Number of protein chains: 2
Amino acid sequence: MPTYSDNRPDTSEQDTNLPPPEQHARQYAAVRDAHETELIEDYVELIGDLLDHAGEARATDIAARMGVRQATVARMIRRLNDQGLVTNEPYRSIFLTERGRAMAEESRKRHGVVLQFLRSLGVDDATARIDAEGMEHHVSETTLGIMREFTLKQKGGD
Amino acid sequence: MPTYSDNRPDTSEQDTNLPPPEQHARQYAAVRDAHETELIEDYVELIGDLLDHAGEARATDIAARMGVRQATVARMIRRLNDQGLVTNEPYRSIFLTERGRAMAEESRKRHGVVLQFLRSLGVDDATARIDAEGMEHHVSETTLGIMREFTLKQKGGD
DNA sequence: TGCAAAGTTTAGCCTAGGCTAAAAATGTTT
DNA sequence: AAACATTTTTAGCCTAGGCTAAACTTTGCA
Ligand SMILES: [Mn+2]
Ligand SMILES: [Mn+2]
Ligand SMILES: [Mn+2]
Ligand SMILES: [Mn+2]
């Protein structure tokens, strides 16, 4: 039985301790940061995918896949343009700039790592897709690397 | 070498295919849904933690830990009150309703599962905390169950 | 007890990201 | 070519969630 002399640092189950306030705050700040860029990333990634698969990215298709109205897409396209991620002319389909392509590529890769990781954990495809769509924006490079490695090992060792 | 006769369903590496538009839209809709509740959950969870650890939840402490201004907290508290999650009187600290306690407990558990899972994958504590803070809101029950199981196995089999 | 510091609330500003409705442009069909 | 359908854009409304500034209440200390 544990006694008062058993005074190793508390490694017990619960870990019910709060981090110091500053670290805690940084945690939430990181989440807020992710939320600032995540929708942009999803749009750019989707536009890249549409360009690859359909040859062009039309506002209608973006709206259908995003599950939002065209008006919402129109305003987002303007914002992407303002940020130098896409080029577009009125009533024509949308294209990625060099920067846009780079972001699309990076997002696509990261998204893929998370999706494959979930699958390799044993999560069914539909669920994995849903979870990955949200999780991808909250995964650090560190964790991403570990996920990549894990997936590889699973694939090798069946 | 693969030939035209090798016509099994494409199980190859890339998985570069897009889901059908409706499923794709449901993916993004799920993320939007999560975003609607996640800040509420974080506040309620934090208030519960403060009540447990400090005996009371004061707006100043919430603001410090959230990394936002007190004015931001004040308005959020009103919203939590509107939703029947907390009780509060002017210039007094905040308490959870029964519903609030239930949400806090559930969030705390789920948060813990994700955090422990990341740790058991080999992610360092600080990074795991940051990632978990965001990921927790995008993890389905299915995935959560798998994470729980994985963590247990890791702990058992060292 | 009274005053200063600390904590809380309110008002008002801003951006993001949904929406509808309506106008304008483009594409298709007869 | 005209009419109709589709697509795109614009204007304007709404909520969430940050912020600052200022007023107000409570608390702690001389
Ligand atoms: Mn993505
Ligand atoms: Mn996403
Ligand atoms: Mn949490
Ligand atoms: Mn969280």
Side-chain angles (χ1 to χ4, degrees), chain A residues 21 24-47 50 54-83 85-95 133-134 137, chain B residues 21 24-47 50 54-83 85-95 133-134 137:
Chain A
H24 209 166
R26 262 178 272 119
Q27 243 168 256
Y28 293 116
V31 175
R32 287 193 295 269
D33 282 357
H35 285 166
E36 257 183 51
T37 51
E38 97 174 57
L39 192 56
I40 298 283
E41 289 170 358
D42 282 341
Y43 267 87
V44 168
E45 186 189 346
L46 174 56
I47 291 169
L50 287 172
E56 63 175 354
R58 311 196 50 174
T60 306
D61 298 329
I62 296 173
R65 288 195 175 265
M66 276 287 166
V68 298
R69 296 300 186 166
Q70 293 201 16
T72 301
V73 170
R75 201 186 18 179
M76 186 62 64
I77 297 304
R78 178 198 299 265
R79 194 137 91 241
L80 296 180
N81 189 311
D82 289 348
Q83 300 197 12
L85 294 165
V86 306
T87 59
N88 65 310
E89 286 159 89
Y91 298 97
R92 294 283 164 244
S93 37
I94 295 106
F95 297 95
E133 191 61 72
H137 311 281
Chain B
H24 210 166
R26 262 179 271 119
Q27 245 169 253
Y28 292 116
V31 175
R32 287 193 296 270
D33 282 357
H35 285 166
E36 258 184 51
T37 52
E38 85 175 78
L39 192 56
I40 299 284
E41 289 170 357
D42 281 341
Y43 268 87
V44 167
E45 186 190 348
L46 175 56
I47 291 168
L50 287 172
E56 61 176 358
R58 311 197 49 175
T60 305
D61 298 328
I62 296 172
R65 288 194 176 266
M66 275 288 168
V68 298
R69 296 298 185 169
Q70 293 200 16
T72 301
V73 170
R75 202 186 19 181
M76 187 60 65
I77 297 305
R78 177 198 300 266
R79 194 138 91 241
L80 296 180
N81 189 312
D82 290 348
Q83 300 197 10
L85 294 166
V86 307
T87 59
N88 65 308
E89 287 158 87
Y91 298 97
R92 295 279 163 245
S93 38
I94 295 106
F95 297 95
E133 191 61 71
H137 311 281

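Residue numbers start from 1 in every chain, and the chains themselves are labelled A, B, ... in the order their sequence lines are given, proteins ahead of strands. Note that the coordinates shown come from a computational prediction; the quantities given were computed from them, not determined experimentally.
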Could you give the [atom1]-to-[atom2] distance, from [X] to [N], as a whole number of Å?
X     : N      : atom1 : atom2 : result
B:Q83 : D:dT15 : CD    : C1'   : 12 Å
A:R75 : D:dA11 : CZ    : P     : 12 Å
A:E36 : D:dA16 : CD    : C1'   : 14 Å
A:M76 : C:dA16 : CE    : C1'   : 7 Å
A:I94 : D:dT7  : CD1   : P     : 13 Å
B:E56 : D:dT27 : CD    : P     : 10 Å
A:D33 : C:dA16 : CG    : C1'   : 15 Å
A:D42 : C:dG18 : CG    : P     : 10 Å

Can you tell me how far apart [atom1] ([X]) and [atom2] ([Y]) are? Round to the nearest 0.5 Å.
X     : Y     : atom1 : atom2 : value
A:E45 : A:I40 : CD    : CD1   : 13.5 Å
A:Q70 : A:I77 : CD    : CD1   : 11.0 Å
A:E38 : A:H35 : CD    : NE2   : 5.0 Å
B:N81 : B:E89 : CG    : CD    : 10.5 Å

Notebook entry, point to check: Are A:T72 and C:dC19 close enough that a side-chain N or O sits under 4.0 Å from OP1 or OP2?
Noted result: yes

Margin query: Quick check on D:dT20: is either OP1 or OP2 less than 4.0 Å from any side-chain nitrogen or oxygen of B:R69?
Written below: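 So the side-chain polar atoms of B:R69 do come within 4.0 Å of the phosphate oxygens OP1 or OP2 of D:dT20, strictly under.
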
Side-chain donor-acceptor contacts of residues 26-34 of chain A below 3.5 Å, not counting sequence neighbours, with atom names and distances?
{"unit_1": "A:Q27", "atom_1": "NE2", "unit_2": "B:E133", "atom_2": "OE1", "d": "2.8"}
{"unit_1": "A:Y28", "atom_1": "OH", "unit_2": "A:H24", "atom_2": "NE2", "d": "3.3"}
{"unit_1": "A:R32", "atom_1": "NH1", "unit_2": "B:M66", "atom_2": "O", "d": "3.0"}
{"unit_1": "A:R32", "atom_1": "NH2", "unit_2": "B:M66", "atom_2": "O", "d": "3.3"}
{"unit_1": "A:R32", "atom_1": "NH2", "unit_2": "B:G67", "atom_2": "O", "d": "3.2"}

Notebook entry, point to check: When you measure from the side chain of A:Y43, which nucleotide among D:dG18, D:dT20, C:dG18 comes out closest?
Noted result: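 The closest nucleotide is C:dG18.
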
Next item on the list: If a protein heavy atom is under 4.0 Å from the base, mark B; if only from the sugar-phosphate, S; if neither, -; do that for nucleotides 3-9 of chain C going 5' to 3'.
Entry: ----BBB

Check: Between B:R58 and B:L50, is any pair of side-chain heavy atoms under 4.5 Å apart?
Finding: no

Note to self: Using a heavy-atom cut-off of 4.0 Å across all strands, would you classify B:R32 as base, sugar-phosphate, or nothing?
What the structure shows: sugar-phosphate

Check: With respect to B:L80, which candidate in B:I94, B:I47, B:T87, B:N88 satisfies the side chain to side chain contact (heavy atoms under 4.5 Å, CB included) definition?
Finding: B:I47

